[in-house]
Amino acid sequence: MHYLVEQFLSICDSIHFVFFPPVSFMDAIEFARKGKFDAYVAVGGGSVMDTCKAANLYASSPESDLLDFVNAPIGKGKPVTVPLNPLIAVPTTSGTGSETTGIAIFDYEELNAKTGIASRAIKPTLGLIDPLHTLHMPERVIANSGFDVLCHSLESYTALPYHMRSPCPTNPIERPTYQGSNPISDVWAKHALRIVAKYLKRAVKNPDDREARFSMHLASSFAGIGFGNAGVHLCHGMSYPISGLVKTYRAKDYNVEHPIVPHGLSVVLTSPAVFSFTASMCPERHLEAAEILGADIRTAKIKDAGLVLADTLRKFLFDLNVDDGLSAVGYTTADIPALVKGTLPQERVTKLSPRSHSEDELSCLFEASMKLY
C-alpha cells in the first residue's frame, strides 16, 4: 500500500477499515452488512471501486433490496436518502474515473447486460490519485483504459445540453446524477481530451514513458469530473450489451479465464458511427473535438462535422491497433437485435444523446460498427 494510504490510516485509529477482493456486488454487500464497518477503502480499477460503493450503500441501508437503487427501467431508481460511511478510492487503472463519480456499474446477469446505480451520495469521500499505482498495466490495458477516457470526454462534451435535459424535478434529491453538458463539465471534458490527444499514443507505444502514463492517470480523473456531472450517451449505452453478450473473444493482456470485451474497447468500437450520427445536433462541438484530436478543420464544412470526427477517430484507433470493429470481437449482423435489446434499458445514458434515436437507428449504428476500417 502506498505511503499516502498508510499515513491516512495511521491517523484514523478509531476507524475500523476492511479491505476485501469483491467477487460480486451481492457478495460484497453481504460481507459489508455483516461487518458493520465504519469506513471503506477501494484499491483497484473501476469494478473494485464501484463494488465498494455498492457495499457501502447497501450496508448503510440494510433493509433495501438490490434493485431499489438500480437505475430505471431495470431497477426502481429510488433516491438515496441514508447517510453513507467514508470511502477512500485508490485507482490502479487510468480509465474509469470512478474515484470521482457517483456511479456504480455491474453486470446484471438476468439481462446479459450492464446497468448500475447513479447517485451523488455514493461518491467516494476521497480519491488518492497516484500514477505509481498504474505502472503494472500492460499495453492493451493502457490502451483500453485510455479509450474509456477518450469516450468519457467526447460524450460528455457532446451530450444533450443541461437546459434541455428532462425531467427537471424541483426537489434536488430527485434530480438525475447526469445533468447534460454544461459550462463546468465542458472545461474538464476538453482538458481531458487534450491530454488524451497528446499522451495516449505515447503511453501505449512506450509503457515506460512515465510522463505519458502519469498524464493519462490525471486525464482519467479529469474526465471523470466532467462526465460524472454531464453524463455520457450512446457509446456507453451501446457498450453494455457488447460487453454483456460476449461469446468467445478474449482480450489480449487480460489475465482472466473467461471471454471478455474490456469496457474501454466496447465503448470505443462504436464511436465513429455514433459521432457521425450525433454531429448534426452540435456540429461545432464535433469539429472542435476533431481538431483537438489532430484534424485540420480549416476547410471543413459544418455539415461534414460528423464525418470529420469519425475519420479522425478511425485513424486514431488504427494507429493504436484497435480490433476492426464488432465483427473482430465475435459479433455478426445476426447479433444486432440482441445488441439493440440490451441497449434499450440504458435510458440513464442514452437519453443524453443530443440526437434522439429509434430502434432502427440503433440497429444501423451497430451495423456500421461491424467494421471500422
Side-chain angles (χ1 to χ4, degrees), residues 44-50 91-99 101 103 105-107 114 131 133-155 192-193 195-207 209 212-224 227 232 235-274 293 313-331 369 372-373:
S47 295
V48 172
M49 290 184 278
D50 288 2
T92 61
T93 60
S94 302
T96 69
S98 186
E99 69 278 3
T101 73
I103 310 297
I105 301 298
F106 67 98
D107 286 310
K114 289 188 177 183
H133 293 139
T134 71
L135 295 181
H136 66 287
M137 291 194 300
E139 177 190 311
R140 295 325 298 175
V141 178
I142 298 170
N144 292 326
S145 299
F147 297 146
D148 201 17
V149 182
L150 170 66
C151 287
H152 284 159
S153 304
L154 289 172
E155 289 174 73
L193 189 61
I195 296 174
V196 170
K198 182 175 181 179
Y199 289 109
L200 179 55
K201 289 182 183 180
R202 281 175 51 180
V204 173
K205 295 181 178 181
N206 181 11
D209 184 339
R213 297 288 298 276
F214 289 14
S215 296
M216 284 303 304
H217 198 47
L218 279 176
S220 175
S221 293
F222 294 160
F227 91 85
V232 288
C235 292
H236 271 75
M238 296 168 67
S239 78
Y240 297 138
I242 293 171
S243 293
L245 296 172
V246 60
K247 301 173 185 177
T248 60
Y249 181 78
R250 293 178 181 269
K252 180 184 176 184
D253 289 341
Y254 287 78
N255 186 23
V256 294
E257 298 178 355
H258 55 80
I260 181 175
V261 179
H263 173 64
L265 179 61
S266 72
V267 169
V268 84
L269 287 176
T270 63
S271 61
V274 163
L293 290 172
L313 285 168
R314 287 190 187 95
K315 183 180 185 304
F316 195 83
L317 301 182
F318 183 81
D319 289 345
L320 288 170
N321 300 314
V322 175
D323 301 81
D324 190 9
L326 296 179
S327 61
V329 298
Y331 290 104
S369 300
L372 291 179
Y373 316 120

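Computation of the quantities below employed the complete heavy-atom set of this structure, encompassing side-chain atoms and omitting hydrogens, waters and symmetry-equivalent molecules.
Partners of Arg202 according to the side-chain contact (heavy atoms from CB on, under 4.5 Å) rule, which considers only residues two or more places apart in sequence or in another chain, are Tyr199, Asp209, Glu211, Ala212. With sequence neighbours left out, the side chain to side chain donor-acceptor pair (under 3.5 Å) criterion links Ser94 to His217. Take Lys205 and apply the salt bridge (charged side-chain N to carboxylate O under 4.0 Å, His left out) test, not counting sequence neighbours, and it matches no residue.
Contact between Leu135 and Arg213 at its shortest, heavy atoms only, is CA-NH2, 3.4 Å. The two atoms that bring Ala219 and Val149 nearest to each other are O-CG1, 3.7 Å, heavy atoms only. Nearest heavy atom pair, residue Leu265 against residue Tyr249, reads CD2-OH, 3.8 Å. Taking all atoms of both residues into account, the shortest heavy-atom contact from Ile242 to Tyr331 is O-OH, 2.6 Å. Summarising the geometry of Glu155 relative to Cys235, their closest heavy-atom pair is OE2-CB, 3.1 Å, with the distance given to 0.1 Å. Across all their heavy atoms, Thr96 and Asp148 have their closest contact at CA-OD2, 3.6 Å.
In this structure, Leu150 CG and Phe316 CZ are separated by 6.0 Å, a value rounded to the nearest 0.5 Å. Atom-to-atom distance recorded for Glu99:CD and Ser221:OG is 3.5 Å, nearest 0.5 angstrom. Here CG of Asn255 is found 10.5 Å from CD1 of Ile260. Values are rounded to the nearest 0.5 Å. Rounded to the nearest 0.5 angstrom, Leu193 CG and Leu200 CG are separated by 11.0 Å. To the nearest 0.5 angstrom, Ser153 atom OG is 9.5 Å from Phe227 atom CZ. Separation of atoms CG (Leu320) and CD (Glu139) is listed at 9.0 Å; rounding is to 0.5 Å.
Atom NZ of Lys315 has 12 or fewer neighbouring heavy atoms from other residues, nucleotides or ligands inside a 6.0 Å radius.
Taking 4.5 Å as the limit, some side-chain heavy atom of Leu317 sits within range of a side-chain heavy atom of Phe147. Residues Ser271 and Val274 have side chains not in contact (no heavy-atom distance under 4.5 Å, counting atoms from C-beta outward). Residues Val267 and Cys151 form a side-chain contact, since some pair of their non-hydrogen atoms from C-beta on lies under 4.5 Å apart. Residues Val204 and Arg140 are in side-chain contact: their nearest non-hydrogen atoms beyond the backbone lie under 4.5 Å apart. Side-chain contact between Val48 and Thr92: absent, with no pair of heavy atoms (C-beta onward) separated by less than 4.5 Å. Put simply, the side chain of Met216 does not reach to within 4.5 Å of the side chain of Ile142, judged on heavy atoms. In this structure, the side chains of His263 and Ser239 come closer than 4.5 Å at one or more pairs of heavy atoms. Side-chain atoms of Asn144 and Tyr254, non-hydrogen and from C-beta on, do get closer than 4.5 Å to each other.
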Exercise. Quick one: do Leu313 and Leu154 satisfy side chain to side chain contact (heavy atoms under 4.5 Å, CB included)? Show the steps, please.
Key: CA-CA 11 Å; Leu313 285 168; Leu154 289 172; 3.9 Å; yes
Practice problem: Quick one: do Ser243 and Ser266 satisfy side-chain hydrogen bond (donor to acceptor under 3.5 Å, both in side chains)? Show the steps, please. | Solution: CA-CA 6 Å; Ser243 293; Ser266 72; 3.1 Å; yes
Practice problem: Let me see the working for Asp107 and Tyr240 under side-chain hydrogen bond (donor to acceptor under 3.5 Å, both in side chains), right down to the final yes or no. | Solution: CA-CA 9 Å; Asp107 286 310; Tyr240 297 138; over 6 Å; no
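With hydrogens and angles ignored, the 3.5 Å screen pairs a side-chain donor or acceptor of Asp324 with a backbone N or O of Tyr373. A donor-acceptor pair under 3.5 Å links the side-chain atoms of Asp50 to the main chain of Ile105, judged by distance alone. For Thr134 (side chain) and Pro131 (main-chain N/O), a donor-acceptor pair under 3.5 Å exists by modelled atom type. Side chain of Ser220 to main chain of Gly95: a donor-acceptor pair is present (N/O by atom type, distance under 3.5 Å, no hydrogens or angles). Counting only distance, with no hydrogens or angles, the side chain of Arg314 and the backbone of Leu372 share a donor-acceptor pair below 3.5 Å.
In this structure, His236 and His152 have parallel ring planes: the angle between them is below the 30° cut-off, well short of the 60° mark.
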